[in-house]
Amino acid sequence: MTIERMGESPRRREDARFVTGQGAYLDDLKFDDVAQAVVLRSPHAHAIVKAIDTRAARGMPGVLAVLTAIEAEADGLKPLRPYAEANIQTGEPFAFAAQPLLASGKVRFAGEPVALIVAETIAQALDAAERVVVDYEPLPAVVAAREARAEGAPQLADEIPNNTCLDWHTGDTEGAHAAFAAAAHVVSLELDNHRIVMNPMEPRGGVGTFDPGTGRYTLHVSSQNIHINRNFVARSLGVEPKDVRFRAHDVGGGFGAKNFAYVEHALVLWAARKVGRPVKWIASRSEVFLSDHAARDMQAEASLALDAEGRFLALRIASRANLGAYMAGAGGGVQTFQYIHLQGSVYRIPSIALHVVAVVTNTAPIGVTRGPGFAEAINIVERLIDAAARQTGFDRTALRRRNMVPPEAMPMTNAFGFQVDSGHFAESLDKALLRADWTGFEARRQESERGGRLRGRGVAYHIKATGGPPDENVDVRFEADGTISLITGTQHIGQGHETTFPQILSTRLGIPNERIRLVQGDTDAIPFGGGHGSSRATYMGGTAIWRASDEIVAKGTVLAAEALEAAEADIRFEEGRFVVSGTDRAIGLIEVAALGREKGKPLDTFHAWKREHMTFPNGAHVVEVEIDRDTGRVDLARYTAVDDYGVLVNPMIATGQAHGAMAQGAGQALLEHATYDGTSGQMVAGSFMDYALPRADDLPSFDLGFNPTRCTTNPLGVKGCGEAGAIAAFPAIANAILDALAPLGVKGFDGPATPARIWQALQEAR
């Protein structure tokens, strides 16, 4: 047996299970007498539902139930409410309409659930769904945030006047106004952080059961946040959380799309109760595009004021967030916490004034993806800095370096009063530029020109607060067979927790990793949990493990002193053993655990804690692109990054997480765009035929280095590492593209840098 400690890079132990086909995804789970469910979805983006006739469908072969809003109301089911119902900063309630489990009276986006059909087979359920007759009265649709507030725009709900959930001015408006009036330079941009769909490998889904004897529901679900989602689903079902059990086995990716509760979670459980059998529903890929929570979709008008030496004086932003048809998940919370938290990024900007608007439209609800709110904020400031460099003649890297908060000023407190504990920002930038051979770019540019191609380079500095839900817990149990069960409220969705969490416990307790068994994904196994969102798991779960280990050692010291007939003060713990100081007398932790069981003093330890602070991963990303003059095709030629994730539990896994985020960020920058028809509200990029995810040949070999500064907000010193690339890649690639196109007069473009968009920008410049 081996002890694999923090800082080492053992192979992921879970991979052996996955590559040999032993994973336990939803479709791998076996249930006796399981029925199949199909969701009938609205073909209209906006329509009155005048009547639903289910008689023919109910008589179809194999059909067990056809459920609509009528049955849901009769059974007392409640709509799904958002996680944040008021402005986190001010307490002012948002204007919102709760999302019905099944459309009642009106549909508000193409793909909204209208009925649930349960049958013996999927084919029978699909056939029956075609026999449900819905009488729709189509209404005009609105899909863009700007148009949603225009005079005469279609109104989605009486509860949301002017389609506006939030219209909020915050920050130092007076100070910003004065700074802009006195500035030597002012640069302004209009930016579109366009909508994307996450498309995890395993689609959303669930298998629901109901036990009439106990009155308990159980949902086997592909989710990254089971405890909190369980609570919201229980409320929709009209029962207490204790009456609902969520179980997540292996989860085939999440990326934020599986972070929050969906109406299908409640529908599957309700259907299981209605038909008296397990009910299974797994989304088709078309349903993923139509109904999964999407992300981004924010437009901003932003300005930066600088003095004559290039020091930043003020930042002014007016942004519009498109929340989709319903304020789902943390939609409003993202706008009133994460988006404003690190405005100004790592730069000293004395005055920041924000105008934040969030609206509803006839599109799928917006949720989160890597870096929600933070990515939108970082994109704005990094794009502004490059624009300022072009306008003023300042070097763009010098402009960043001049305005970065220096190490001696840490911890820094930004313009909104939020504190960042650690980071060497200019040092990370310089290391990235050196690693990327920034000074050798001109030779590469000339070589590209000889081949008839344009070459540009871009840089972006990212920072994000990670932590997510503030409460977390672990339960460490010493089993009779000498193994240890490590039960956590976090959730693995492919990040490598089965490897890294045992590394943390092994480091603290000196126990071989093979003895440690990670248990996650069951609301019955541990009282609560914050799941995995906001790169929180290692920080939150790891801190709970660390503190639980302190308690285990303290309890073990008492038992060891009795066993070794020594004073507790003479016992020290090292390398998995309790040793009497100055002697060779010792006893192992596992033996002490066995003694504790015999004496009724087990070492089993439950530890819960509530965070007061976040962690702040940050770093510099440098990219180079090549552009074909004739076709507009953009190739990502080089990608270099130097990131600060604090102490690395497993450098290999951290590297993999960063690579995945970079790929996702590159996907948004170059390929992905969730597009709707402006008149009908129909999704026109609703399959992989029209929506391109990045593939291996779209990406270069990433060159990633680390410049860690120990995080002071947790005993491990770690910072979340899963989102950085998705935050930095988008502005870094956009800056590189504009650098390549600037000599031809191109000043901007909207959406992903597809060949058609770049070609069009070139034609307009000519």
Side-chain angles (χ1 to χ4, degrees), residues 15 18-19 194 196-202 252-253 255 285 288-289 295-296 369-370 435-437 441 444-445 447-460 494 621-641 643 652 655-675 685-705 722-741 749 751-762:
D15 286 349
F18 295 145
V19 300
H194 59 275
I196 56 173
V197 177
M198 272 66 77
N199 275 301
M201 286 187 291
E202 181 190 27
F255 313 110
R285 187 58 60 178
V288 168
F289 277 104
R296 309 297 189 227
T369 194
R370 283 167 155 160
R435 194 176 183 113
D437 186 25
F441 170 77
R444 294 189 293 277
R445 186 186 65 80
E447 181 181 353
S448 295
E449 285 190 347
R450 286 191 291 271
R453 297 168 67 82
L454 302 165
R455 195 177 189 103
R457 58 181 174 174
V459 62
H621 288 220
V622 183
V623 302
E624 292 183 20
V625 299
E626 277 195 327
I627 301 175
D628 187 284
R629 292 172 180 265
D630 296 325
T631 66
R633 175 184 168 88
V634 179
D635 288 321
L636 190 55
R638 292 163 66 100
Y639 197 121
T640 306
D643 283 338
M652 178 191 68
T655 299
Q657 285 289 295
H659 284 183
M662 292 176 198
Q664 185 173 345
Q668 184 188 7
L670 298 173
L671 300 163
E672 301 180 49
H673 193 184
T675 309
S687 76
F688 287 135
M689 294 294 289
D690 299 293
Y691 188 102
L693 288 181
R695 297 177 295 183
D697 60 353
D698 294 310
L699 305 169
S701 293
F702 296 122
D703 180 10
L704 174 65
E723 301 170 82
I727 298 172
F730 185 45
I733 292 171
N735 283 338
I737 291 169
L738 290 171
D739 181 58
L741 299 180
F749 62 92
T754 59
R757 291 175 184 273
I758 298 302
W759 184 87
Q760 185 65 42
L762 285 167

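These numbers come from the heavy atoms of this one structure, side chains and all, not from hydrogens, waters or symmetry mates. Fair warning: this is a prediction, and the values are worked out from it, not measured in the lab.
- Distance alone, capped at 3.5 Å, places no donor-acceptor pair between the H194 side chain and the T675 backbone.
- Across L636 and A666, no two heavy atoms sit closer than the pair CD2-CB, 4.1 Å.
- D635 places no side-chain N or O within donor-acceptor distance of the main-chain N or O of A637, the cut-off being under 3.5 Å.
- Atom CD of Q760 has more than 12 neighbouring heavy atoms from other residues, nucleotides or ligands inside a 6.0 Å radius.
- Here the CZ atom belonging to F730 is positioned 15.5 Å from the NE2 atom belonging to H621, to the nearest 0.5 angstrom.
- Ring-plane geometry between F702 and H659 is classed as tilted, the angle between the planes lying from 30 to 60 degrees on a 0 to 90 degree scale.
- When all heavy atoms of A669 and A729 are compared, the closest pair comes out as CB-O, 4.5 Å.
- Closest of all the heavy-atom pairs between E202 and G252 is OE1-N, 2.8 Å.
- In this structure, A674 and V197 approach most closely via the heavy-atom pair CB-CG2, 3.7 Å.
- To the nearest 0.5 Å, the span separating CG on L762 from OG1 on T631 amounts to 9.5 Å.
- Not a single donor-acceptor pair under 3.5 Å links the side chain of R435 to the backbone N or O of T640.
- Taken from CG in D690 to CZ in F289, the straight-line distance is 8.5 Å, to the nearest 0.5 Å.
- Counting heavy atoms from C-beta outward, S687 and R285 have side chains that stay 4.5 Å or more apart.
- The structure places CG of L738 at 12.0 Å from CD1 of I733, a figure rounded to the nearest 0.5 Å.
- Using a 4.0 Å cut-off between charged side-chain N and carboxylate O, R455 and E449 make no salt bridge.
- Between the OH atom of Y691 and the CG atom of N199 there is a distance of 6.5 Å, given to the nearest 0.5 Å.
- Using a 3.5 Å distance cut-off with no hydrogens or angles, the side chains of Q668 and T369 do not pair a donor with an acceptor.
- Between I758 and V634 the shortest heavy-atom distance is CG1-CG2, 3.9 Å.
- The nearest pair of heavy atoms linking R296 to R370 is NH2-O, 2.7 Å.
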For N735 and V459, what are the C-alpha separation, side-chain angles and deciding distance, and is it a side-chain contact (heavy atoms from CB on, under 4.5 Å)? CA-CA 7 Å; N735 283 338; V459 62; 5.7 Å; no
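- A distance of 12.0 Å separates OG1 in T754 from CZ in R633, rounded to the nearest 0.5 Å.
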Pair R444-R457, side-chain contact (heavy atoms from CB on, under 4.5 Å): steps then yes or no: CA-CA 10 Å; R444 294 189 293 277; R457 58 181 174 174; over 6 Å; no
